[in-house]
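Worksheet: the structure to be examined is printed underneath.
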Amino acid sequence: MVDVTRTFTVTRSRADVAAYLRDFANATEWDPGTVACTQATPGPVAVGTEWNNTSKLYGISTELTYRLEVDEPGHIVLKGTNKTATSTDDITLNEAGPTSTEITYHANIEFNGLAKLADPLAGIAFERVGKETEEQMIAALQK
């Protein structure tokens, strides 16, 4: 299992941050591993909306189907699944001022079957990716 948490503040309102992060198609801008992410279900983004996500990290490509599980003003949960892993992005948003938001980004990846053998190395790799994710998310939200 991989478990990475980062807490940081951006100069943008909580409502704007929530609107941006709840649409997982935006992950191409803030997630260093995401190379493509398209909404798979029609209509506006709401609980149950799904995205087809293609990620590539350290030369390994994978495709997951992400689903918006929780969509509240201060809490967003997106869960991605495929045969080898379940990835959960749990994002908490707290007002840090009238135009600032504190973001706690918690990524958890559970490997299935033989993929569990990658746990020790994946933990080290995802710690590095966690820092890159923080930097890219800040840059994307403060455009």
Side-chain angles (χ1 to χ4, degrees), residues 1-112 115-116 118-143:
M1 173 173 61
V2 174
D3 203 54
V4 177
T5 302
R6 294 282 187 273
T7 300
F8 49 93
T9 301
V10 295
T11 307
R12 196 155 170 196
S13 73
R14 184 173 79 165
D16 286 349
V17 171
Y20 178 80
L21 293 177
R22 68 192 285 274
D23 183 351
F24 202 60
N26 292 322
T28 57
E29 297 176 6
W30 60 262
D31 179 11
T34 296
V35 294
C37 192
T38 56
Q39 189 171 327
T41 52
V45 173
V47 170
T49 299
E50 292 185 347
W51 293 264
N52 295 321
N53 178 280
T54 303
S55 295
K56 186 173 184 177
L57 287 171
Y58 302 106
I60 300 170
S61 293
T62 189
E63 294 186 13
L64 294 103
T65 300
Y66 272 85
R67 182 178 193 279
L68 182 59
E69 301 279 330
V70 176
D71 185 18
E72 300 169 355
H75 190 210
I76 298 163
V77 177
L78 295 140
K79 185 175 283 191
T81 58
N82 66 15
K83 288 187 281 186
T84 59
T86 298
S87 177
T88 304
D89 292 3
D90 190 327
I91 305 166
T92 303
L93 308 171
N94 292 304
E95 291 180 359
T99 59
S100 297
T101 303
E102 179 187 75
I103 300 168
T104 299
Y105 174 76
H106 178 212
N108 178 277
I109 303 168
E110 282 278 339
F111 293 102
N112 304 320
K116 285 184 181 185
D119 267 350
L121 293 175
I124 295 166
F126 278 94
E127 270 302 320
R128 290 184 196 141
V129 172
K131 182 65 176 155
E132 291 175 39
T133 301
E134 176 183 344
E135 291 167 356
Q136 285 187 214
M137 192 180 289
I138 290 169
L141 285 164
Q142 296 194 156
K143 283 188 205 179

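In terms of heavy atoms, Ala140 sits closest to Trp30 at CB-CB, 4.3 Å. Of all the heavy atoms in Ser13 and Pro98, the pair that sits closest is CB-O, 4.4 Å. Taking both residues in full, the closest heavy atoms of Thr9 and Ala96 are given as CG2-CB, 4.1 Å, listed atom of the first, atom of the second, then distance. Contact record, Thr41 with Gln39: O-NE2, 2.8 Å, taken as the closest heavy-atom pair. Between Thr133 and Pro32, the shortest heavy-atom contact is OG1-CD, 3.2 Å. Considering every non-hydrogen atom in both Ile109 and Ala85, the closest pair reads CG2-CB, 4.2 Å.
Under the 4.5 Å side-chain criterion, counting only non-hydrogen atoms from C-beta, Ile76 is not in contact with Phe24. A heavy-atom distance below 4.5 Å is not found between the side chains of Thr7 and Glu134. By the 4.5 Å heavy-atom criterion applied to side chains, Glu110 and Asn108 are counted as neighbours.
The CD atom of Glu102 sits 9.5 Å away from the CG atom of Leu93 when rounded to the nearest 0.5 Å. Taking CG of Leu21 as the start and CG of Leu78 as the end, the distance is 8.5 Å to the nearest 0.5 Å. One finds the OH atom of Tyr66 at 6.5 Å from the OG1 atom of Thr34 (value rounded to the nearest 0.5 Å). For the atom pair OH (Tyr20) and CG (Asn26), the distance works out to 4.5 Å, reported to the nearest 0.5 Å. The CG atom of Asn53 sits 6.0 Å away from atom CG of Leu64, with the distance rounded to the nearest 0.5 Å. Atom-to-atom distance recorded for Thr86:OG1 and Lys79:NZ is 7.0 Å, nearest 0.5 angstrom.
Judged purely by atom type and a 3.5 angstrom limit, Arg22 uses its side chain to pair as donor or acceptor with the backbone of Val45. Panel note: side chain Ser55, backbone Thr62; no donor-acceptor pair is recorded below 3.5 Å.
For the side-chain hydrogen bond (donor to acceptor under 3.5 Å, both in side chains) test, no residue two or more places apart in sequence or in another chain qualifies with Thr49.
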Inset, instruction - Begin from the C-alpha positions of His106 and Asp3 and carry the test side chain to side chain contact (heavy atoms under 4.5 Å, CB included) through to its verdict. - result: CA-CA 7 Å; His106 178 212; Asp3 203 54; 2.6 Å; yes
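Pairs of residues two or more places apart, or lying in two chains, that qualify as side-chain hydrogen bond (donor to acceptor under 3.5 Å, both in side chains) and include a residue from residues 88-98 are His75-Asp90, Asp89-Tyr105.
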